[in-house]
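Values below: all heavy atoms of this structure, side chains included; hydrogens, waters and symmetry mates excluded.
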Amino acid sequence: MKDYDTTVAFLGQWGRFQQIVFLLLCSTIVPNGFGAFTLIFLTDVPSHQCLVSDINITEDWRKSIIPVKVVNGKQELSRCSRYRLDVVRNLSAQGYVPDRDVNLTDLEQEGCVDGWSYSKDVYQSTIVSEFDLVCSEQWKQPFTTLIFFVGVFFGSFFSGQLSDRYGRKPVLFATMAVQTIFTFAQAFSTSWIMFIILLFINGLSQINYLAALVLGAEVLTGNVRVFYASLGSCLAFAIGYMILPLLAYFIRNWKYLLYALSVPSVVYIPLWWFLPESPRWLVSQRRVEEAEAIVRKAARWNKVQAPTVIFEDCNVNKAETHLKEQYTVLDLLRQSSIRTTTLILCLVSFTVCAGYYSLSFNTAQLHADPYISCLLSAIVEVPAYISSWVALRYFPRRLSVIGCFLLGAVPLYFIQLVPEDLSNLSLTLELVGKYAFTTGSSLMFAYVAELYPTALRNTATGICMAVSRVGSCISPFVLNLSIYFKYLPYIILGTMAVMSAFATLFLPESFKQPLPETIQQMEERERIKCPCTTRNKTPPPVVLDSPRWPSTNHVL
């Protein structure tokens, strides 16, 4: 079969058909910008202290009943204890005055047996205040975030295989429906257990981003495909990310916030009739008539004349059943070259995702106002995505990914050298690291999609995304390592980035090469060799104008 991009070249790259597909797919990605970052506001811990509802004590004792503790060199009211209420009530009834007649440090303390009172200066309510996830139950707060990412992990693992088997479009809309329904349902949670079960299912559906990314990468061609994969889809994600703190600022009740976040997805239901299935995937499944119908419709939208037979080679070989092979995840591990590529991509994806989410959640806590923090963290992604598009447009993939890792590692190593009184410099360095990991994350989405053939593309992308989500799962624990050494998370992330930069050297290059249609084409991609094996050998040139790789298709 001729190369797909060459076959549909008569459509052009930016006609009405491509414009509609581009805009609609980007719109489906906007809600993913809420995703995990909604948990910044849902699970934030408001200021709190033990509830004191007894009115039979004086005002002086009411103000003094909460012990004062020293935390990080600063005095603050205890969040998890109070002086025994029966003792305080007795002393108040006898007319004793705290700190004058009674030494408070001698009084016995007790836990918050009557519950907690939560400050409403920032939030009206969060799931922390709703379900009392504080003190002895404090472990549930980071565990909630972990549950979400575990859901995303399993969703990423299975979605690729489902999408390769049943199509990009059905999986895209099915996951969008699940995402909408369970985001709305979370607001009706009556317990923390119920909330995390619904949150886990919601996490499963977050991989509609993957289906939309692959669908766009296969329908669009040329520079438009690069623009969509590296900038369009990512900017749509960033728009959702930036909308989130604005919504949360005006909607400070966690239930109403979930209602508001679930509404936009409902408007995507009519898109089913406008978004096409991937003709490239249909051809790989030997459903040639359906693929041709979509391409002819695109030709009418673009006002161009389609040839009489579009996928000529497919029609000739339609009876050859051996071409209709069903690939599974095992095919990623059978051939040594594909196995090596897959393992390296998993390592790189793991690192970039761990760095991205660790710095995203940490950056969101660097400002006193969580809404400003989240907005700053979102805004820095815009130049990062623009940089990734420029890199994909003009620079080799390996060089771009390596550059991102090194740019991310250097500021993380330097943060520990910054004096504590230069907090703005530390913030700048961390934002530079966030910028680098965000750029690398965008690059990897496009890079992985370019390396694998059509029959394996969504499965491979799903596996790499699943492994990357392990990185997001460990991000809360990486940040918690700061209790042992303040800069340990930065050192770990920087070291992982350097290791991944070295591993990237051994990946194939896909710059200015067409998407592979078969495993054989993938194996023919040039791969950097170990210096010890190429010292006395000249690597063969890559012939880009061969019949298998027509020069008219050098669009990336």
Side-chain angles (χ1 to χ4, degrees), residues 1-15 17-26 28-29 159-173 175 207-234 236 271 274-288 290-299 301-302 310-311 314 324 327 392 444-462 464-465 510 513-519 521-522 553 555-556:
M1 186 184 76
K2 290 191 299 183
D3 179 79
Y4 175 84
D5 288 356
T6 303
T7 303
V8 300
F10 66 90
L11 291 176
Q13 293 188 13
W14 192 236
F17 173 78
Q18 289 90 344
Q19 293 169 7
I20 291 175
V21 170
F22 182 94
L23 293 175
L24 294 184
L25 284 176
C26 286
T28 66
I29 293 173
S159 70
Q161 300 174 64
L162 291 174
S163 187
D164 278 339
R165 181 172 293 273
Y166 299 108
R168 287 41 168 148
K169 181 178 174 180
V171 173
L172 170 62
F173 282 90
T175 52
I207 41 71
N208 68 292
Y209 185 102
L210 172 61
L213 179 68
V214 174
L215 179 57
E218 294 184 347
V219 172
L220 303 172
T221 59
N223 295 330
V224 177
R225 181 174 69 212
V226 176
F227 183 81
Y228 169 77
S230 61
L231 188 59
S233 60
C234 294
L271 299 187
F274 295 96
L275 274 174
E277 179 57 273
S278 165
R280 190 190 296 264
W281 177 80
L282 290 171
V283 169
S284 74
Q285 300 297 302
R286 318 309 296 166
R287 294 161 59 178
V288 181
E290 296 176 58
E292 287 200 353
I294 293 173
V295 175
R296 293 188 188 281
K297 181 179 179 180
W301 285 12
N302 289 356
I310 300 176
F311 301 105
C314 288
K324 188 177 178 180
Y327 295 102
L392 286 172
M444 288 306 301
F445 277 121
Y447 194 12
V448 173
E450 291 175 354
L451 290 179
Y452 289 92
T454 303
L456 275 174
R457 186 170 296 118
N458 223 51
T459 297
T461 308
C464 291
M465 179 175 280
S510 61
Q513 296 186 28
L515 292 179
E517 301 293 342
T518 65
I519 289 181
Q521 289 179 353
M522 178 183 177
N553 192 43
V555 293
L556 294 182

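- Under the ring pair (Phe, Tyr, Trp, His ring centres under 6.0 Å) criterion, Y228 pairs with F22, sequence neighbours left out.
- Between V448 and C464, the shortest heavy-atom distance links the atoms CG1-SG, 4.2 Å.
- For the residue pair A291 and V283, the shortest heavy atom distance occurs at CB-CG2, 3.7 Å.
- For F10, the side chain to side chain contact (heavy atoms under 4.5 Å, CB included) partners are V295, A299, V304, A306, P307, I310, not counting sequence neighbours.
- Contact record, S510 with L451: CB-CD2, 4.0 Å, taken as the closest heavy-atom pair.
- Atoms CG and CG, from L213 and L172 in turn, are 11.0 Å apart once rounded to the nearest 0.5 Å.
- Summarising the geometry of Y209 relative to C234, their closest heavy-atom pair is OH-SG, 3.9 Å, with the distance given to 0.1 Å.
- In this structure L23 satisfies the side chain to side chain contact (heavy atoms under 4.5 Å, CB included) test with no other residue, sequence neighbours excluded.
- The side chain to side chain donor-acceptor pair (under 3.5 Å) test applied to T175 returns no partner, not counting sequence neighbours.
- Applying the side chain to side chain contact (heavy atoms under 4.5 Å, CB included) criterion to A236, with sequence neighbours excluded, gives C26, I29, V30.
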E277/L215 under side-chain contact (heavy atoms from CB on, under 4.5 Å): CA gap, chis, key distance, verdict: CA-CA 7 Å; E277 179 57 273; L215 179 57; 4.2 Å; yes
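- In this structure, the side chains of F173 and L275 come closer than 4.5 Å at one or more pairs of heavy atoms.
- Taking CZ of R168 as the reference point, atom CZ of R280 lies at 10.0 Å (rounded to 0.5 Å).
- Counting heavy atoms from C-beta outward, Q18 and W301 have side chains that stay 4.5 Å or more apart.
- For the atom pair R287 CZ and I294 CD1, the distance stands at 8.5 Å (nearest 0.5 Å).
- Atom CG of residue L392 and atom CZ of residue F227 lie 12.0 Å apart, to the nearest 0.5 angstrom.
- Distance OH/Y452 to OH/Y447: 10.5 Å, rounded to 0.5 Å.
- For Q19, the side chain to side chain contact (heavy atoms under 4.5 Å, CB included) test picks out W14, with sequence neighbours left out.
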